[in-house]
Amino acid sequence: MPMLSELGDYVEIPALDEKEWKPIFISSMFELVRGRENNMAMLEDGDIPLISAKANNNGLKGFVHSPKKVIAGQCITLNNDGDGGAGFAYYQPANMALDTHVTALMPRFDMSMFTMLFIAECISGLHGFFGHGLSISNPRAKRIRIMLPVTDSGEPDYEYMEQYAKNMMLRKYQQYLTFLQQ
């Protein structure tokens with residue numbers, strides 16, 4: 001996570017309910033890359049994060065050595081099915097290996113960590129819709145639309161999403177600092 005000094009200043013922006021929202025295809029923003037690790041028990045311990053379809057801990061199952069494929073970080077992972085985690089999405093900062101029950105959403109254009117954190121939360125709102133009876137295949141994932149705040153021209157408002165996430169972090173950091181000073 002970023003240092004407080006890296007977040008910039010708190011900027012007044014409209015509240016979430018004051019913004020116009022529209023459904024946006026995730027495939028318009030991200031390339032979908034399916035995980036390839038299907039026999040995780042056979043992987044040796046190492047230093048590469050292994051992301052699985054967990055409902056917690058950012059999907060981190062452990063650390064492995066020599067996976068089949070290393071996926072570049074600075075992306076979002078989407079749980080296709082799994083232990084109650086189907087539909088959850090997490091921002092992943094580091095290079096990783098993915099099990100076959102996870103899809104990496106690789107940004108199609110330059111997108112900040114803060115914007116991806118916002119979008120991951122919006123995707124996770126679909127969590128209750130998916131499960132073992134309805135998993136997320138790649139064809140199904142390409143048809144998923146999520147509600148996002150948009151600009152006056154109807155395009156996703158990435159600047160708003162980024163500032164909203166920064167404001168939330170600044171607020172939390174301030175709460176922590178206030179608590180420590182007591």
Side-chain angles (χ1 to χ4, degrees), residues 1-34 49 51 53-60 71-80 85-96 98 102-130 136 138-180:
M1 281 294 130
M3 302 280 290
L4 182 58
S5 61
E6 296 173 322
L7 292 173
D9 294 325
Y10 184 92
V11 176
E12 284 294 328
I13 56 174
L16 292 173
D17 62 355
E18 294 173 353
K19 286 291 290 179
E20 181 180 349
W21 293 64
K22 286 179 60 177
I24 307 292
F25 284 100
I26 61 171
S27 59
S28 69
M29 299 177 289
F30 299 97
E31 177 186 345
L32 285 66
V33 178
R34 191 73 178 242
I51 306 301
K54 293 177 63 160
N56 55 30
N57 203 24
N58 224 47
L60 181 66
I71 306 291
Q74 304 301 320
C75 68
I76 296 172
T77 53
L78 173 62
N79 293 353
N80 303 320
F88 279 128
Y90 304 108
Y91 169 72
Q92 302 294 344
N95 295 350
M96 72 211 115
L98 298 179
V102 179
T103 299
L105 306 179
M106 310 301 292
R108 292 188 180 275
F109 46 85
D110 189 35
M111 191 178 292
S112 76
M113 168 187 80
F114 305 103
T115 302
M116 284 190 271
L117 285 165
F118 187 100
I119 292 172
E121 187 63 28
C122 292
I123 294 170
S124 292
L126 300 174
H127 163 68
F129 184 72
F130 297 104
I136 305 173
N138 269 11
R140 186 171 283 141
K142 288 178 182 175
R143 294 189 313 268
I144 293 174
R145 293 187 301 173
I146 57 170
M147 296 298 289
L148 291 177
V150 295
T151 62
D152 291 340
S153 63
E155 297 298 315
D157 193 342
Y158 299 111
E159 289 179 13
Y160 175 84
M161 292 182 248
E162 178 172 344
Q163 190 59 54
Y164 185 89
K166 285 180 176 180
N167 284 354
M168 291 295 289
M169 287 184 180
L170 285 164
R171 233 180 272 138
K172 277 295 165 197
Y173 278 138
Q174 189 56 52
Q175 287 174 344
Y176 297 146
L177 291 172
T178 300
F179 175 77
L180 291 173

Any side-chain donor-acceptor pair under 3.5 Å between Lys172 and Gln175? yes
What do the steps show when you test Phe25 against Arg145 for side-chain contact (heavy atoms from CB on, under 4.5 Å), and what is the final call? CA-CA 4 Å; Phe25 284 100; Arg145 293 187 301 173; 3.4 Å; yes
What is the minimum heavy-atom distance between Tyr91 and Ala120, and which atoms define it? N-CB, 4.2 Å
Minimum heavy-atom distance between Met116 and Gln74, given as atom pair plus value: CE-O, 3.5 Å
Nearest heavy-atom contact between Phe114 and Leu7 is CE2-CD2, 3.3 Å
Please confirm whether the backbone N or O of Ile76 pairs with a side-chain atom of Gln92, one donor and one acceptor, at under 3.5 Å? no
Smallest separation among heavy atoms of Lys142 and Ser27, with atom names: O-OG, 3.1 Å
Under the 3.5 angstrom rule, does the side chain of Tyr90 hit a backbone N or O of Leu60 as a donor-acceptor pair? no
What's the separation between atom CG in Asp157 and atom OG1 in Thr115, rounded to the nearest 0.5 Å? 9.5 Å
Is the number of heavy atoms from other residues, nucleotides or ligands under 6.0 Å of Asn57 CG greater than 12? yes
For the CD1 atom of Ile123 and the CG atom of Asn79, what is their distance to the nearest 0.5 Å? 11.0 Å
With a 4.5 Å heavy-atom cut-off, do Phe88 and Asn56 have their side chains touching? no
Gap separating the CD1 atom of Ile144 from the CG atom of Leu78, nearest 0.5 angstrom: 6.0 Å
Do Tyr173 and Tyr176 have side-chain heavy atoms sitting under 4.5 Å apart? yes
Is it the case that the side chain of Asn95 and the backbone of Gly73 share a donor-acceptor pair, with hydrogens and angles ignored and the cut-off at 3.5 Å? yes
Nearest heavy-atom neighbours spanning Pro149 and Lys19: CB-CE, 4.0 Å
Within this structure, what is the OG1-CG distance for the pair Thr103 and Asn80, rounded to the nearest 0.5 Å? 3.5 Å
Would you check if the side chain of Ser124 reaches a backbone N or O of Ala89 as a donor-acceptor pair within less than 3.5 Å? yes
Calculate, to the nearest 0.5 Å, the distance between atoms CZ and CD1 belonging to Arg108 and Ile26 respectively. 10.5 Å
I'd like to know whether Tyr158 forms a side-chain contact (heavy atoms from CB on, under 4.5 Å) with Met161, so could you lay out the CA-CA distance, the side-chain angles of the two residues, the decisive distance to 0.1 Å, and finally the verdict. CA-CA 5 Å; Tyr158 299 111; Met161 292 182 248; 3.7 Å; yes
How about Met168: does its CE atom have over 12 heavy atoms from other parts shown lying under 6.0 Å from it? no
Donor-acceptor pair, distance only, cut-off 3.5 Å: does the side chain of Asn167 make one with the backbone of Glu12? no
Nearest non-hydrogen partners of Trp21 and Leu16, listed with the distance: NE1-O, 2.9 Å
Residues, nucleotides or ligands: over 12 heavy atoms within 6.0 Å of Phe109 CZ: yes
Quick one: does any side-chain atom of Arg171 pair with a main-chain N or O of Tyr10 as donor and acceptor, under 3.5 Å? no
If we only count heavy atoms from C-beta on, is the Met113 to Leu117 side-chain gap below 4.5 Å? yes
Value rounded to 0.5 Å, distance of CG in Leu98 from SG in Cys75: 7.0 Å
